[in-house]
Amino acid sequence: MSVPPPRLALVTFPAPGSSPIRVRFAPSPTGMFHVGSARSTLFNWAVAKQQGGTFVLRIEDTDASRNQPEWVDGILAAMESLGISTEDPAFEGPYFQSKNVELHQESAARLFESGAAYYCDCTREVLVARTGSQHAGYDGFCRDRGLEYAEGRALRFRTPDEGETHVVDLIRGNPTFPNESLEDFVIARGNGTPVFLLANVVDDMDEHITHVIRGEEHLPNTPKQQLLWAALGATPPVWAHLPVLVNEKRQKLSKRRDKVSLESFFEEGYLPAAMVNYLMLLGWSPGNDEEILPFDEMISRFKIEDVNSAPAFFDIKKLTAFNGEYIRALSVPEFTAACDPWLHAPHAPWSEEQFDQKVFDAVAPLAHSRIALLAEITDNVDFLFLDAPITDDDSWNKAMKAGAPELLADVRVALAETGLAWESETLKDTVTAVGEAHGMKLGKAQAPVRVAVTGRRIGLPLFESLEVLGRERTLARIDAALARLTEIATRTAAEAPTGAE
Ligand code: GLU
């Protein structure tokens with residue numbers, strides 16, 4: 001049985017440069033949105049917006065077994081969180097690759113009819129036996145056997161034996177691939193379904209894509225795809241292969257080893273604007289030593305030709321520092337609103353009854369100036385809402401050294417003084433004075449107080465925290481800490497050897 005002749009001739013495609021730029025982002029739905037995909041999306045978007053062009057979103061969903069509708073929703077949600085509105089006039093799609101299967105098949109048929117492709121019945125075992133190698137590429141055995149389509153026969157593209165394929169790549173300096181290094185690759189499987197290489201090209205043609213901006217892992221596909229463009233009678237696009245993202249050990253980011261999903265960063269409280277800013281700098285720099293810039297400004301300064309081809313370090317520490325800057329740039333009400341998800345279930349370790357928005361509002365300015373991640377907010381304020389401070393043995397052991405019980409007891413007495421104004425300055429003076437009486441500087445004297453009251457060695461400024469927590473709860477917590485210290489001392493004495501034996 002032979003494949004039916006093409007039903008329609010492919011439309012003619014514009015030559016790059018002759019019409020407004022059309023770029024695309026073409027994710028395969030995989031269940032999470034990789035930070036590398038986010039960077040590709042943003043670079044494509046920047047080019048489209050800056051050039052008055054179009055950004056096409058194409059979901060490459062032909063692997064039906066791996067596609068789930070919610071993953072498509074995840075891609076659309078990722079677009080929105082990156083500041084790309086599907087309502088923007090520059091946005092087109094989403095298109096679904098699976099809806100274009102007929103055109104992929106017709107294109108395969110056309111390549112067969114024109115002699116650019118041929119059927120092949122070599123199994124892997126036969127090829128290995130013939131070439132004597134597990135790794136050898138296809139040897140062209142079926143090239144001139146004139147096979148027609150039959151179940152199980154793959155369709156292979158006939159690559160030229162001589163010459164070179166030149167790729168116009170705006171980042172890579174126009175790499176050249178010797179054609180003899182390109183094996184006759186498969187374009188449709190034995191069951192007749194076209195493979196990624198062909199479907200991807202046909203969709204790009206069909207969507208009139210002028211510039212393909214994508215990850216470096218696709219560079220080896222490019223000469224093959226360019227040959228397909230030419231064989232289908234169209235002018236290939238201009239390519240730009242973005243540098244790979246690596247971790248601190250210079251290893252390519254991997255979803256098994258590294259945190260790579262955009263969603264997981266948002267869940268930890270990275271702000272979308274900080275994320276977008278940081279992602280834009282992975283391989284590109286606006287120059288003038290500037291790094292933190294509004295997205296619109298980056299769009300107007302972005303040049304794909306300036307993207308560096310060297311691997312880009314995805315530096316979470318730097319991203320976190322950026323995030324801190326973006327948090328600081330929020331107004332306090334904006335910050336409070338941004339914290340909201342972390343102040344309630346399922347993020348918050350306290351219940352709705354324990355939470356008090358007014359109390360939070362009182363400390364929000366203190367937290368605003370010191371946290372780098374929104375998720376850090378709960379640890380900073382939990383002492384205000386939980387009935388008792390958390391137990392952190394490490395903090396306790398470091399703060400409750402020799403002298404701490406006596407100091408804490410005296411702080412308790414001083415703070416309980418009737419008439420003591422319960423405001424941060426007075427509280428600070430009081431603890432300073434008690435510390436001095438014990439020969440301790442304030443830094444040292446406040447550690448046991450902080451751990452007694454908040455459970456932690458580090459946190460918001462202590463005296464402002466005590467002011468908000470209130471006299472009664474502060475004193476009750478110091479009492480509880482003193483009781484625990486007495487209990488530990490009693491136990492230690494009982495367990496200690498009674499004398500030399
Ligand atoms: N679906 C492919 C991927 O996610 C698209 C490759 C391309 O951009 O051409 O890797």
Side-chain angles (χ1 to χ4, degrees), residues 13 16 21-48 53-68 71-72 74-76 78-79 82 84 92-101 103-104 107 165 167-172 175 177 185 187 193-229 232 234 236-245 252-255 260-262 279 282-283 304 307:
F13 300 102
I21 277 184
R22 288 175 64 84
V23 295
R24 86 319 192 252
F25 171 60
S28 309
T30 60
M32 61 113 183
F33 203 84
H34 195 287
V35 286
S37 298
R39 192 260 319 248
S40 297
T41 306
L42 290 170
F43 281 17
N44 274 288
W45 183 249
V47 168
T54 301
F55 170 102
V56 172
L57 173 63
R58 177 173 79 238
I59 315 272
E60 300 214 321
D61 59 343
T62 31
D63 186 351
S65 61
R66 292 182 51 208
N67 291 310
Q68 298 188 23
W71 292 352
V72 174
I75 292 172
L76 292 170
M79 298 287 113
L82 294 171
I84 298 175
E92 194 176 299
Y95 297 128
F96 291 87
Q97 186 158 71
S98 56
K99 299 240 163 75
N100 224 6
V101 169
L103 192 62
H104 306 151
S107 307
T165 296
V167 166
V168 177
D169 190 305
L170 297 175
I171 299 175
R172 308 270 140 189
F177 300 83
F185 55 93
I187 55 175
T193 55
V195 303
F196 158 76
L197 280 174
L198 179 65
N200 183 262
V201 162
V202 170
D203 288 355
D204 281 344
M205 289 178 161
D206 192 35
E207 290 153 16
H208 300 238
I209 300 304
T210 59
H211 292 69
V212 170
I213 303 168
R214 62 182 178 181
E216 174 180 326
E217 66 277 15
H218 289 291
L219 185 60
N221 294 329
T222 311
K224 297 177 185 170
Q225 294 196 305
Q226 187 154 299
L227 290 170
L228 287 174
W229 276 80
L232 287 166
V238 172
W239 312 88
H241 286 91
L242 306 176
V244 67
L245 302 186
K252 183 175 185 246
L253 287 193
S254 114
K255 66 174 170 198
V260 297
S261 96
L262 192 63
L279 290 168
L282 294 172
I304 195 80
V307 172

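Counting convention: from 1, in listed order, for ligands and their atoms alike. All of these numbers come straight from a predicted model, not from anything done at the bench.
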Closest to atom 5 (C) of ligand 1 among protein heavy atoms sits Ala26 O, 3.1 Å
Evaluate Phe33 against Ile75 for side-chain contact (heavy atoms from CB on, under 4.5 Å), listing each step before the verdict.
CA-CA 7 Å; Phe33 203 84; Ile75 292 172; 4.1 Å; yes
Apply the salt bridge (charged side-chain N to carboxylate O under 4.0 Å, His left out) test between Glu207 and each candidate in Arg24, Arg58, Arg22; give the one that qualifies.
Arg58
Under-4.0 Å heavy-atom contact with ligand 1, by part of Val212 that carries it:
neither
Could you list the atoms of ligand 1 found under 4.0 angstrom from a heavy atom of Arg24?
7 (C), 8 (O), 9 (O)
Are any of the N/O atoms in Pro27 less than 3.5 Å from those in ligand 1?
no
If hydrogens are left out, which of Gln225, His218, Gln97 has an atom nearest to atom 3 (C) of ligand 1, that is, the closest non-hydrogen atom?
His218
For the residue pair His211 and Phe43, is the inter-centroid distance of their aromatic rings smaller than 6.0 Å?
no
Please list, in number order, the atoms of ligand 1 under 4.0 Å from a heavy atom of Glu60.
1 (N), 2 (C), 5 (C)
Evaluate the criterion side chain to side chain donor-acceptor pair (under 3.5 Å) for residue pair Gln226 and Trp239; output intermediate values, then yes/no.
CA-CA 10 Å; Gln226 187 154 299; Trp239 312 88; 2.9 Å; yes
Sequence neighbours excluded, which residues qualify as ring pair (Phe, Tyr, Trp, His ring centres under 6.0 Å) partners of Phe177?
none
Here's a test for you: under side chain to side chain donor-acceptor pair (under 3.5 Å), which of Asp203, Asn200, Thr62, Asp206 qualifies with His104?
Asp203
Answer with side chain, backbone, both or neither: which part of Glu217 has a heavy atom less than 4.0 angstrom from an atom of ligand 1?
neither
